[in-house]
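Below is one structure; the comments refer to it alone.
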Amino acid sequence: MKYKFECTQCGATEEKEIAISEYDEQKEKQTCSRCCGNMKRVIEWSGIAEGSGAGWYGKNGSNVI
């Protein structure tokens, strides 16, 4: 699968292809092709759910999901 990563040093973003079976081992080992800095995964969501509002668990003391 392809995952989006952002460099913690120069801010560059890259897509990295990592097998699902290797993801847990490889996610922290990604380096920037520009400056060789460490990269962190950028979480992207394209689903229908949104993370805002009082209806989310824990928001405003609520336990509604």
Side-chain angles (χ1 to χ4, degrees):
M1 270 188 91
K2 291 185 179 183
Y3 301 95
K4 187 175 180 180
F5 286 85
E6 181 175 5
C7 180
T8 59
Q9 291 183 22
C10 74
T13 58
E14 297 180 17
E15 265 193 1
K16 305 278 188 168
E17 189 158 353
I18 304 171
I20 293 173
S21 61
E22 297 176 8
Y23 178 76
D24 285 337
E25 178 189 334
Q26 295 296 317
K27 67 182 177 184
E28 302 293 327
K29 298 179 180 178
Q30 301 305 307
T31 57
C32 180
S33 62
R34 217 177 183 186
C35 72
C36 296
N38 292 328
M39 300 197 87
K40 286 213 168 255
R41 170 96 189 272
V42 175
I43 304 298
E44 299 177 295
W45 178 260
S46 60
I48 59 171
E50 293 181 13
S52 62
W56 286 84
Y57 184 79
K59 276 239 184 211
N60 298 330
S62 172
N63 63 356
V64 178
I65 295 178

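Bear in mind the structure is a predicted one, so any value in this text is a computation, not a measurement.
- Looking at Q26, its side chain never comes within 3.5 Å of a backbone N or O of I18 through a donor-acceptor pair.
- For K40 against T8, the heavy-atom pair with the smallest separation is CG-CG2, 3.7 Å.
- Rounded to the nearest 0.5 angstrom, M1 CE and S21 OG are separated by 12.5 Å.
- Residues R34 and C7 fail the side-chain proximity criterion, which asks for heavy atoms closer than 4.5 Å.
- At a threshold of 4.5 Å between side-chain heavy atoms, the hydrophobic network of Ile, Leu, Val, Met, Phe, Trp and Tyr places I20 and F5 in one connected group.
- Looking at K16, its side chain never comes within 3.5 Å of a backbone N or O of R41 through a donor-acceptor pair.
- Interatomic distance, Q9 CD to C32 SG, rounded to the nearest 0.5 Å: 8.0 Å.
- Partners of E17 by salt bridge (charged side-chain N to carboxylate O under 4.0 Å, His left out), not counting sequence neighbours: none found.
- With values rounded to the nearest 0.5 angstrom, K27 atom NZ is found 16.0 Å from M39 atom CE.
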